[in-house]
*Asks:* 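Handing you a structure now.
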Protein chains: 4
Amino acid sequence: MDTEHDKTTAVGRPRSQKAYEAVMKAALDLLKSGGYPSLTMEKIAKEAGVGKPTLYRWWPGVPFIVMEALKLHVNTEIGLPDSGHLKSDVREYLSRTFRSLLEGMDEIVCSLMAEAQFNPEFAAAFRDNFIFSRRAALIRLLERGQQRGELPEDADLELIADLCYGSMWYRLLNRHSTLEDPFVDNLVSYLFDSPRPKN
Amino acid sequence: MDTEHDKTTAVGRPRSQKAYEAVMKAALDLLKSGGYPSLTMEKIAKEAGVGKPTLYRWWPGVPFIVMEALKLHVNTEIGLPDSGHLKSDVREYLSRTFRSLLEGMDEIVCSLMAEAQFNPEFAAAFRDNFIFSRRAALIRLLERGQQRGELPEDADLELIADLCYGSMWYRLLNRHSTLEDPFVDNLVSYLFDSPRPKN
Amino acid sequence: MDTEHDKTTAVGRPRSQKAYEAVMKAALDLLKSGGYPSLTMEKIAKEAGVGKPTLYRWWPGVPFIVMEALKLHVNTEIGLPDSGHLKSDVREYLSRTFRSLLEGMDEIVCSLMAEAQFNPEFAAAFRDNFIFSRRAALIRLLERGQQRGELPEDADLELIADLCYGSMWYRLLNRHSTLEDPFVDNLVSYLFDSPRPKN
Amino acid sequence: MDTEHDKTTAVGRPRSQKAYEAVMKAALDLLKSGGYPSLTMEKIAKEAGVGKPTLYRWWPGVPFIVMEALKLHVNTEIGLPDSGHLKSDVREYLSRTFRSLLEGMDEIVCSLMAEAQFNPEFAAAFRDNFIFSRRAALIRLLERGQQRGELPEDADLELIADLCYGSMWYRLLNRHSTLEDPFVDNLVSYLFDSPRPKN
DNA sequence: TATTAAGCGAGACGGTACGTCTTGTCTTGGA
DNA sequence: TCCAAGACAAGACGTACCGTCTCGCTTAATA
């Protein structure tokens, strides 16, 4: 798979692969050393040995660069498990998703979610890339279970998906506990196991 | 109990109530007209007719002012319902909580959550005031239900609370649906009603 | 000699002598430790343990306080020598004047001269106290010598006085040499001794 | 020889001549309308339609800008007269120097001298540009006269130069008389003509 | 092979907000 | 009535980034 950052127009000097890689590396290095809020276009340009106009030619701002660097870093292809059992599929899928975000990337991911609150243009890109795609995949998983009869026909799948990802983000954003496997187990158990309280 | 912004030291000129109110009003006005990202200390000072040092004397930065203005605006005392039934108590409590945030305040609330990702000093204050206090109240409600036998003795109350607030925040932050009463009803139903899927 | 800073109106609480002395001491201490440019009303007030309004009640600003402190510090009464000889009187008078300014006070004196360029209100006070009074005394000395026949009847005494003080200030302000006694000797010799160059 | 404000590094965007000229013009305009003490970096930036960082990129502060504007305004090249006669050369040179400063520029010049008392960094630049260069030129004139025998071999030329410029600055700074030609005539006469008082 | 259009680095530009500092005025309660 | 303490409105300070611009230099496909 080639990195598809091209917009080349076939004539004139082609985009510099070296500059692209330097920018990605600089972004990750600076993120590690100073955290997202200290990241600026100016610092990235200097660290990468790249001119500011080059940055602005290819990215509209800091969060777009960070998102791209993050996508390179986390192997973005998760794949839908298909064991034939809803609960274990969901457990597997969530476990993979959470892990992919938590190899030291959690602060960065939170920063991008935060940035999305301030920057509508970025919000659209971020949600497409990181939020809605994963949510849609989870819903597809749930649909498969529903078709197998593992969920009632009138189950609100969107709600279930929001419960999964919502609790994850809530814990991430407020830092009040971790997202290790026991959390996933408890979550899946609570959402899919009987018995429920009888009211 | 009235919100006491004092810290006054009894000696010297007392804090100006007029300036305080002008700042709160200016913050809300500017939020309405331009949104959180356009809010700056400088604009607040100018709009309120107040010197910048006065702002910095009482607040460390923009988000602290916004949080205080928000607390004045949303009547922060929600009170724990106590009908004797877990499900209706939770429904009532969540419904009130969500409503208090959604009278046009949702963007501001999201902005504060975002700000908390960048600003650790503010994060502590914000979580104490807006996140953990509500979460703790909900857990108290769940404990009452648990003592009544409406939840299993080994139920993970923290998980349940995170499911409630997590799904709310997830929808808020990603803007993909509303938090009206039907959502609360579905949420409470799913979390507390049988039947569950049999695995 | 009493310090004549009074404006007491006989009724109400009298001016605090303690506060006055604390202000003078604080001004001199701060001058020694940080130099004139670092002096502010605020620091003087804090150092003296005095309220800012008290300062403003008695002095219009920093340079007035410094000038008053300086007058306390340099014994301002120089007295006109009267040996019967113009040259030695002038030498004696200039030597005393210069010495009184140069016991570590030269930077402060230059600062006041500088301040007078920016602050017309202070300029008037400063010139009356430090410039014109000394210049007038020197001219009186020259007049005595003129009456004794030691200077031509048409000599421009103002010019001679300006040559004396001017060269002093020029050296002070530009720091390019000192004002020790050899300078006074050379100055007086050049101004009052034959032979002159014949043109 | 044109005044070269460049320091340009040949790489990157070259310095904007337009901005430079706008700053010089703004500084002079503001000096005329409000005087030196009211001049601030902020006002110059606004008046010139220039960003503050541009100002700080090229000048360390207000007095440096003023000095540069002043140099543009007074044709700084005076040239050493050489009539073969010390007295008339000195008279000519002083007369030109004084006139160049006094076409409405005297307040500004005094302000710079004052500023030099507070700001050591500026003091060095100011003295190099305005004080010591002129003083050195005058001393060169005196040396020529001395070589011609118009001054004694042991004459203190530095003292004579300080008498000339000192009396000028003393009158300028204290505003007690003008520097018109009669002053120059009297000064030169007194310094270089016999008869002297016999002591 | 020569042309040429686009990408590149460097860095200056006009702006805006930052958080601090000082000014001179005011408003308290205590002496 | 004066004092200390200190809050207040005003506004300049010097810095950091923003996103745009103007340079002169590659670079590689095209003519």
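Within every chain, numbering begins at 1; the chains are lettered A, B, ... in the order of the sequence lines, protein sequences first and strands thereafter.
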*Asks:* Would you find more than 12 non-hydrogen atoms of other residues, nucleotides or ligands less than 6.0 Å from A/Glu107 atom CD?
*Replies:*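 Incorrect, the count does not exceed 12.
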
*Asks:* Which comes earlier along DNA chain F counting from the 5' end, the contact point of C/Gly51 or that of D/Lys43, where each point is its nearest nucleotide?
*Replies:*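 On the 5' side of the pair lies C/Gly51.
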
*Asks:* Atom CD of A/Gln17 and atom C1' of F/dA28: how far apart are they, to the nearest Å?
*Replies:*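 Checked: the CD to C1' distance equals 16 Å.
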
*Asks:* Of the nucleotides E/dC8, F/dA5, F/dC21, which one has an atom closest to the side chain of A/Pro53?
*Replies:*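 The nucleotide sitting nearest to the side chain is F/dC21.
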
*Asks:* OP1 or OP2 of F/dG19 less than 4.0 angstrom from a side-chain nitrogen or oxygen of A/Trp59, does that happen here?
*Replies:*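 Answer no for this pair, as no side-chain N or O of A/Trp59 is under 4.0 Å from OP1 or OP2.
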
*Asks:* Check this one for me: any side-chain N or O of B/Ser16 less than 4.0 Å away from OP1 or OP2 of F/dA7?
*Replies:*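 No.
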
*Asks:* Which of these nucleotides, E/dA17, F/dC13, E/dC8, is closest to any side-chain atom of A/Arg15?
*Replies:*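 Nearest nucleotide to the side chain: E/dC8.
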
*Asks:* Look at the side chain of B/Arg13 against the base of F/dC8 and say whether a donor-acceptor pair falls under 3.5 Å; ignore hydrogens and angles.
*Replies:*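 There is none.
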
*Asks:* Choose from E/dT20, F/dT15, E/dT28 the nucleotide whose nearest atom is closest to any side-chain atom of D/Tyr56.
*Replies:*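 The nucleotide sitting nearest to the side chain is F/dT15.
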
*Asks:* So C/Gly49, base contact, sugar-phosphate only, or nothing? Heavy-atom distance under 4.0 Å.
*Replies:*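 Contact class for C/Gly49: sugar-phosphate only.
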
*Asks:* Counting only N and O atoms by type, is there a donor-acceptor contact under 3.5 Å from the side chain of D/Thr54 to the main-chain atoms of D/Val50?
*Replies:*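 Not a single qualifying donor-acceptor pair exists.
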
*Asks:* Look at the aromatic rings of C/Phe64 and C/Phe122 and report parallel, tilted or perpendicular, splitting at 30° and 60°.
*Replies:*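 C/Phe64 and C/Phe122: perpendicular rings.
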
*Asks:* Rounding to a whole Å, what distance do you find between C/Phe118:CZ and E/dT23:C1'?
*Replies:*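 Interatomic distance, CZ of C/Phe118 to C1' of E/dT23: 17 Å.
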
*Asks:* Please state whether the phosphate of F/dA7, meaning OP1 or OP2, lies under 4.0 angstrom from any side-chain nitrogen or oxygen of B/Trp58.
*Replies:*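 No.
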
*Asks:* Could you give the CD-to-P distance, from A/Glu42 to F/dC17, as a whole number of Å?
*Replies:*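 For the pair A/Glu42 CD and F/dC17 P, the rounded distance is 7 Å.
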
*Asks:* Using heavy atoms to find the nearest nucleotide of DNA chain F for C/Val50 and D/Pro60 separately, return the residue whose nucleotide is more 5′.
*Replies:*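 The 5'-side residue here is C/Val50.
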
*Asks:* Between B/Arg57 and F/dC8, does any side-chain N or O lie under 4.0 Å from OP1 or OP2?
*Replies:*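 Yes, B/Arg57 has a side-chain N/O under 4.0 Å of OP1/OP2 on F/dC8.
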
*Asks:* Tell me the interatomic distance from D/Leu55, atom CG, to E/dG14, atom P, rounded to whole angstroms.
*Replies:*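 In whole Å, E/dG14 P lies 9 Å from D/Leu55 CG.
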
*Asks:* Do A/Tyr36 and B/Gln117 get their side chains close enough for a donor-acceptor pair, meaning under 3.5 Å?
*Replies:*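 Looking only at side-chain atoms, B/Gln117 and A/Tyr36 do not form any donor-acceptor pair under 3.5 Å.
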
*Asks:* Without decimals, in angstroms, what is the distance between D/Tyr36 OH and F/dA12 P?
*Replies:*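 So the OH-P distance, D/Tyr36 to F/dA12, works out to 15 Å.
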
*Asks:* Closer than 4.0 Å, any side-chain N/O of C/Thr54 to the OP1 or OP2 of F/dA4?
*Replies:*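 Affirmative; the distance criterion is met.
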
*Asks:* Short question: side chain of A/Asn119, backbone of A/Glu115 - any donor-acceptor pair under 3.5 Å?
*Replies:*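 Not confirmed, A/Asn119 side chain does not pair with A/Glu115 backbone.
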
*Asks:* Give the rounded distance in Å between these two atoms: NZ of C/Lys52 and C1' of F/dC3.
*Replies:*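 In whole Å, F/dC3 C1' and C/Lys52 NZ are 16 Å from each other.
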
*Asks:* Between F/dC18, E/dT23, E/dG11, which nucleotide has the shortest distance from any of its atoms to the side chain of C/Thr40?
*Replies:*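 The answer is E/dT23, which lies nearest to the side chain.
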
*Asks:* Relative to the 5' end of DNA chain E, which residue comes earlier, D/Ala48 or A/Lys46, by the nucleotide with the nearest heavy atom?
*Replies:*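 Of the two residues, A/Lys46 wins.
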
*Asks:* Could you tell me how far apart B/Met41 (CE) and F/dA9 (C1') are, to the nearest whole angstrom?
*Replies:*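 Atom-to-atom, B/Met41 to F/dA9, this comes out as 15 Å.
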
*Asks:* Keeping the roles fixed (side chain from A/Lys52, backbone from A/Met41), state whether a donor-acceptor pair exists under 3.5 Å.
*Replies:*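 Looks like no, no N/O pair under 3.5 Å.
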
*Asks:* Could you tell me the separation between the CG atom of C/Leu39 and the P atom of E/dT22, rounded to a whole number of Å?
*Replies:*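 It works out to 11 Å between those atoms.
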
